[in-house]
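First the proteins, then the strands, lettered A, B, ... as listed; each starts at 1.
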Amino acid sequence: MSHFICLLKHELRVLFIAPSTYVTSVIFLLLMGFIYILILADFTLHPHNNLPTEYFFQLYWIPVFFIVPLLTMKSIAEERRIGTLETLMTTPVTVLEIVFSKFFAAYLFYCLLWMLTLTFPLLVTLTIGSSAMTVKLLDPATLLGGYTFIAISGLLFISIGIFSSSLTRSQLVAGMLCFSILFIIILGVPALRTQSIGWLEWMVGALEYFNNFNHLEDFSRGVIDTRHIVFYFSYSTLVLGISVLITESKV
Amino acid sequence: MLKQEHSIEVNNLTKYYGPVMAIHKVSFNVGKGEIVGFLGPNGAGKSTTMRILSGLITAKSGSAKICGIPIASSPDEIKKHIGYMAENNPLPEDMRVVEYLYYRGWLKEIPRNQLKARVEETLDLCDLNRTARRKVIANLSKGYRQRVGIADAILSEPEVIIMDEPTIGLDPHQVLMIRDLIKNLRGKMTVIISSHILSEVELYCDRVIIINQGHIVACGTSESLCKEFIKKTTYTLNLKGNTSDLDSLLKGVDPELEISSSLPDINKDYYDLELTTPNTYDLCEKILTRLYEHPKFRVREIRRKVPHLEDIFLAATRRSWNEDIPLPITKIDSRKKNNQKTVVVE
């Protein structure tokens with residue numbers, strides 16, 4: 001455990017001193033801010049049944065596609081390329097501790113970035129000051145559900161990034177691989193679901209289960225169902241377990 | 001309990017990378033506190049052996065022990081007893097030297113109350129405290145990077161230190177410093193060093209192990225290997241005169257003494273000659289006395305060539321090539337029918 005904490009501190013330090021982390025953060029916040037403004041602008045023009053925050057969380061996949069590869073592509077691939085993974089493994093540290101420290105460092109940073117988006121509704125309510133607006137923008141159930149979904153689904157997305165990074169020595173290949181896998185599991189599965197009337201009918205149940213948007217539905221209404229939590233925990237544990245085996249075998 | 005005599009015990013270690021043989025039945029022991037040079041041409045299997053010893057990769061067969069602990073069954077345990085400096089010395093670019101050593105100290109489980117003292121001592125030992133203590137590793141010169149790598153290897157005062165090419169790319173001052181540093185470890189820690197700089201290895205190693213084509217071809221002290229591999233004594237002679245009569249003259253000194261080469265000097269009247277004999281006793285004085293008896297020869301220089309590790313290395317590796325090592329490199333490819341053997345040569 002002491003090794004894990006030491007490695008985690010080191011990984012967080014590496015993340016916080018890297019200029020690329022700040023570039024990623026700025027791009028993320030600009031993009032999410034822009035999306036939030038567009039949603040609010042649309043709400044001022046057209047009537048909607050749902051809250052703006054629900055729409056905001058439904059677009060979670062847009063930043064995930066670029067932020068997860070950027071945060072994770074360097075983690076194992078770069079260490080293996082320059083050889084520091086080898087020297088790390090000559091100390092009494094296990095591969096499990098190495099992979100999990102990299103995973104948690106990226107995951108904590110991912111959660112921190114998303115937490116910063118909480119400032120958007122806060123800034124709007126502070127600026128406008130209307131109580132009706134405050135109720136709609138700062139609806140606790142939607143916010144809690146939405147951020148819980150981000151935190152829980154983040155486990156899977158970051159673990160996929162770590163998995164991609166463990167497969168190769170090239171950061172670029174790791175990033176592209178991560179993007180492709182995320183694209184398949186976030187947008188590919190629902191797309192396949194729409195095509196699954198004919199020959200893919202036997203897969204409907206599985207596709208429904210793996211569809212991230214189905215899991216988001218409950219969360220965005222403020223319902224925190226343990227089934228979704230178990231799904232994301234087990235899925236990410238499996239992916240991280242495979243990453244550990246790959247890292248161990250490829251030293 | 002039996003007294004632990006060997007820090008490193010390697011017995012019939014074999015490793016294949018797919019069908020390619022890296023090492024075959026490698027066996028050697030390294031005593032406690034000994035400094036051993038591990039030599040071999042490129043691709044001989046040095047790094048593979050060192051990686052197995054450090055628990056990074058596993059061998060196909062054979063056994064290896066560090067401080068009596070089997071590497072195969074306790075790879076995590078042996079990591080507490082070794083300090084490893086990898087080939088090319090990989091270091092994290094964005095850390096400061098002192099931060100890196102503290103980080104490695106934590107990982108190597110140095111007790112918290114001793115860590116500061118250990119880091120300071122190591123910085124002093126490697127001469128990093130004055131100049132490079134707070135420098136970012138990416139901005140360090142090659143020599144300083146090597147020092148950081150060595151500092152990391154000795155930081156936790158491990159019983160066994162494994163260094164893959166520690167003096168590569170260093171200037172003479174730094175080589176001298178590293179040489180003294182390694183010499184200081186004699187008796188305290190067991191050190192195994194792979195290097196291509198044979199003169200260096202000769203200076204600070206108690207013993208050398210020479211590996212070629214995945215086999216140990218020589219193992220022992222420079223003197224014992226010299227006796228085993230260098231069967232001739234060579235003399236260099238620089239003289240003026242007609243060298244055609246010289247052969248018969250030298251036969252009078254030693255019937256087996258032969259002129260192996262004769263080349264004119266830059267100064268045309270003189271010749272550079274190389275004389276060889278299978279006899280080991282010193283003939284310099286006898287040759288000189290004999291030549292003085294004949295005024296037509298004017299001797300300017302005579303010297304008995306002392307064989308260096310380089311000569312032993314060349315002789316040992318050449319012999320292993322000439323002997324055509326019994327192809328342990330043969331591996332039966334089970335996918336092929338008719339019991340055909342696939343011979344794979346590294």
**Item:** Option in B/Lys108, B/Met95, B/Glu93 with maximal non-hydrogen atom pairs under 4.5 Å from chain A
**Value:** B/Met95
Quick check on [X] against chain B: is it the side chain, the backbone, both or neither that has a heavy atom closer than 4.5 Å?
X	answer
A/Ile82	both
A/Leu85	neither
A/Thr94	side chain

**Asked** Of all of A/Met89, A/Glu97, A/Lys9, which one pairs up most often with chain B through heavy atoms under 4.5 Å apart?
**Response** A/Met89
**Prompt:** With a 4.5 angstrom heavy-atom cut-off, which part of B/Ile57 approaches chain A: side chain, backbone, both or neither?
**Reply:** side chain
**Prompt:** What part of B/Glu87 is in contact with chain A, defined as an atom under 4.5 angstrom from a non-hydrogen atom: side chain, backbone, both or neither?
**Reply:** neither
**Asked** Of B/Val26, B/Thr58, B/Thr14, B/Ile23, which meets side-chain contact (heavy atoms from CB on, under 4.5 Å) against B/Ile52?
**Response** B/Ile23
**Prompt:** Which of these, A/Arg80, A/Glu78, A/Lys74, sits in a side-chain contact (heavy atoms from CB on, under 4.5 Å) with A/Ile76?
**Reply:** A/Arg80
Ion pair check, [X] and [Y], cut-off under 4.0 Å:
X	Y	value
B/Arg147	B/Asp127	yes
A/Lys102	A/Glu79	yes
B/Arg133	B/Glu120	yes

**Request:** Examine distances only and state if a side-chain atom of A/Ser165 and a backbone atom of A/Ala77 form a donor-acceptor pair shorter than 3.5 Å.
**Result:** yes
